[in-house]
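Reading through the C-alpha cells given below for one structure.
Keep in mind that this is a model prediction, so the values were computed, not measured.
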Amino acid sequence: MSFHHGTETRRIDGGSSPVYTVNGAITAIVGTAPIGDVNVLTLCQTNKDFAKFGGDEITKAGFTLPDAAHIWTRYKSGIAYVVNVCDPARHKTVITDEVLTVDVNTLTAKTTNPAIQMGYIIKDGQTVLNESQYTINTLTGEIVFNVQPVSATISYTYTDPAKVTEADILGGFVVSSGKRTGLELLTEGFGKFGADAKIIIVPEYDQTATASSAMISMANKLNAIAYINAPKGTSLSAALQGRGASGAINFNTSSDRAELCYPYVVGILGAEHLATHLAGLRMKVDVDKGYWHSKSNHELLGVTALEIPLTARIDDPQSETNRLNEKGITTVFNSYGTGFRAWGNRLACFPSVSHIKNFEVAQRTGDIIDESIRQFELQYVDRPIDDALIDSLIEGIRTYLGTLKSIVGYSVSLDYEYDLVDAFSKGQIPLVYDYTPKLPAERITNASVMTRKYLVNLTAKK
C-alpha cells in the first residue's frame with residue numbers, strides 16, 4: 001500500500017441483500033402479420049405497439065397476430081414478446097387483372113386480398129391509371145377513385161399468410177445468418193429484455209402434435225407454460241379422446257408445461273382462439289391480484305358464445321365442463337347469469353400426475369420463486385466461501401420467502417444431504433429451500449345434515 005499518515009474509511013456491504021420477484025406477466029405470441037419486422041423479438045403492450053403489425057384494420061384477414069392482439073389487449077395487462085414470421089419476400093402470391101367492383105356512390109372498391117405490395121398496376125380498360133387518379137390503402141386493399149372508372153382492374157402481389165408453413169412458425173437457428181427464427185427466438189427474451197416469457201401461445205398454428213410438442217419443448221427451456229388450443233371444430237368427444245393414445249388431436253401429452261384449452265369461443269372477431277383469451281386473462285389476474293391467484297372463474301372479455309356449446313352447472317359433476325376438467329382440459333363455464341368464464345386449474349400432467357404441481361398456479365409460483373432466487377444469487381457467485389457468505393445467502397432467501405403472499409410456509413438451510421466439506425472444497429454451496437404454494441379452492445363440499453333434534457324448540461314455553 002502507498003504510505004498514508006492519517007485515517008481512512010473502507011465501506012463494506014454488510015448483511016443480506018433483498019430478493020426481487022421477477023416479472024411473470026409476460027406472454028410470447030408467435031404468428032403472422034402483413035407488416036412489421038420479420039423474425040425479430042418485439043416487445044408490445046398496447047394497441048399502439050401492436051399497430052406495427054397491422055392492428056385492427058387487418059383483423060379477420062388470415063393473419064394471426066392482428067387477431068391475437070385484438071383479443072389479448074382487451075385484458076389491458078402484462079407485456080407481450082411478439083414474433084412475426086410472415087416474410088413478404090417469400091410469402092406472397094401474384095394476382096393478374098383482378099376485376100374491381102366499384103361502388104357508384106362512394107367510388108370505392110376493394111381487392112380480394114389485403115396486404116398489397118408495391119408494384120401494383122390499376123387499369124381502367126387498357127389504360128394504366130396513375131396515383132393522381134385514385135388513392136389506395138395497401139394494407140386493407142381499399143381503393144378510392146377520383147372519377148368513376150368504366151372497367152377497373154388491378155394486378156398486384158400480396159403478402160399471403162397461407163404460404164407460411166409450420167416450419168416457419170417453429171423456426172430454428174439459421175447457420176448462414178447466425179440468427180434464430182420463429183419460436184426459437186423466444187430464447188432471446190432474457191438477454192434482450194431482462195426476463196423470459198412465462199406464457200407461450202401460437203394462435204392457429206398450435207393445432208398439430210408437432211407444433212404443440214415444440215411449444216412444450218420451448219416452455220421447458222424457459223420454465224413457462226404453453227397454452228395449446230384444440231383445433232377449430234373439434235367435437236367434445238374428440239377433445240376427450242384426444243387425451244388418449246388413439247386421440248387424433250394435439251392433446252396427447254402429460255407435460256407439466258402445457259395447459260390444454262377447449263373449445264374455440266365466439267366473439268367480436270367471430271371464432272376466437274381460447275388460448276389467446278386465457279393468456280390475456282392470465283396477465284390480467286397476475287397484475288390485478290397476483291400470480292398465485294387462479295384465472296379460473298374469471299370472466300372472458302368480448303365472448304358471446306362457444307363454438308361447441310357445453311353444459312355447465314356448479315353442482316353437477318356430470319356436466320360437460322366438469323368432464324373436461326377431470327381430463328386435464330381447461331374450458332369455458334357458462335351457466336345462468338355467469339357470463340363466459342375460464343374454467344379449469346390443471347395442467348396437462350393431470351390426471352396422470354397427482355403432485356400439487358398439476359395446478360397451474362402451483363407450477364407458476366415455483367417458477368417465479370426459483371427464478372427470483374437464481375437472479376438474487378448472481379451477486380454472490382465467485383465470492384469467497386465463508387460464514388458471512390453462507391449467512392447472507394440463507395438470510396436473503398429466508399427473508400424473501402417470508403414476505404411472499406403466494407405461499408403458506410417455507411424453510412431454508414444448507415443441504416446437509418451433501419458432504420458439505422467436499423462441496424465447499426469444489427467451490428459449491430448446496431442450499432435447500434422448500435415451500436408450500438397457495439392452491440385454488442377447486443371443490444367446496446357441504447355436509448348437509450337433516451335431523452329431528454331442533455323439534456325440541458317447538459316444546460319450549462312461550
Pairs involving [range], ordered by first then second residue, that meet salt bridge (charged side-chain N to carboxylate O under 4.0 Å, His left out) (sequence neighbours left out):
range	value
residues 244-255	none
residues 234-245	none
residues 345-360	D256-K357, R282-E360, K295-E360, R346-E442

Could I get the full list of salt bridge (Lys or Arg N to Asp or Glu O under 4.0 Å) partners for [X], not counting sequence neighbours?
X	value
D160	none
E320	none
R74	E272
K192	none

*To the nearest 0.5 Å, what is the distance between CZ (R313) and OG (S319)?*
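OG of S319 is found 9.0 Å from CZ of R313.
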Could you tell me whether the side chain of [Y] reaches within less than 4.5 Å of the side chain of [X], counting heavy atoms only?
X	Y	answer
K198	D286	no
T165	D168	yes
L300	L281	yes
N84	V40	no
V266	L306	no
Y262	L274	no
V83	L186	yes
V412	L431	no

If a pair satisfies ring pair (Phe, Tyr, Trp, His ring centres under 6.0 Å) and one of its residues is in [range], list it, with sequence neighbours excluded.
range	value
residues 413-448	none
residues 284-315	none
residues 179-237	Y81-F193
residues 319-369	F333-W343

Looking at [Y] and [X], is there a salt bridge between them, counting it only when a charged N and a carboxylate O are closer than 4.0 Å?
X	Y	answer
R180	E188	yes
K284	E299	no
R323	E326	no
K76	D288	no

Got more than 12 heavy atoms from elsewhere within 6.0 Å of [atom1], [X]?
X	atom1	result
D382	CG	no
R374	CZ	yes
K438	NZ	yes

Is a donor from one side chain sitting under 3.5 angstrom from an acceptor on the other, for [X] and [Y]?
X	Y	value
T208	E166	yes
E98	T112	yes
N47	H70	no
T46	D49	yes
D434	S411	yes
E259	T330	yes

*Please name the pair of heavy atoms, one in T276 and one in I201, separated by the smallest distance, quoted to 0.1 Å.*
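Distance-wise, the nearest heavy atoms are OG1-CD1, 3.8 Å.
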Backbone of [Y] reached by a side-chain donor or acceptor of [X] within 3.5 Å:
X	Y	result
D196	T187	no
S77	Y75	yes
T436	V408	no
N358	V353	yes
T234	A230	no
S335	A312	yes
S217	S213	no

*Evaluate side-chain contact (heavy atoms from CB on, under 4.5 Å) for L420 paired with L414, printing each intermediate quantity in order.*
CA-CA 8 Å; L420 293 179; L414 285 170; 4.1 Å; yes
Indicate every side-chain donor-acceptor pair of residues 51-59 with a distance under 3.5 Å to a residue at least two apart or in another chain.
residue: E57; atom: OE2; partner: N137; partner atom: ND2; Å: 3.2
residue: T59; atom: OG1; partner: D56; partner atom: O; Å: 3.2

*Chi angles and distances behind the side-chain contact (heavy atoms from CB on, under 4.5 Å) call for K163, R90*: CA-CA 8 Å; K163 296 291 181 70; R90 295 192 302 117; over 6 Å; no
_Please evaluate residues T321 and N325 with respect to the criterion side-chain contact (heavy atoms from CB on, under 4.5 Å), reporting the C-alpha separation (whole Å), side-chain torsions for both, the decisive distance (0.1 Å), and the verdict._
CA-CA 6 Å; T321 53; N325 283 177; 5.6 Å; no
*Let me see the working for L236 and L324 under side-chain contact (heavy atoms from CB on, under 4.5 Å), right down to the final yes or no.*
CA-CA 8 Å; L236 174 64; L324 287 162; 3.7 Å; yes
*Only one of V82, I79, I26 clears side-chain contact (heavy atoms from CB on, under 4.5 Å) with L43; which?*
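Of all the options given, the one that passes is I79.
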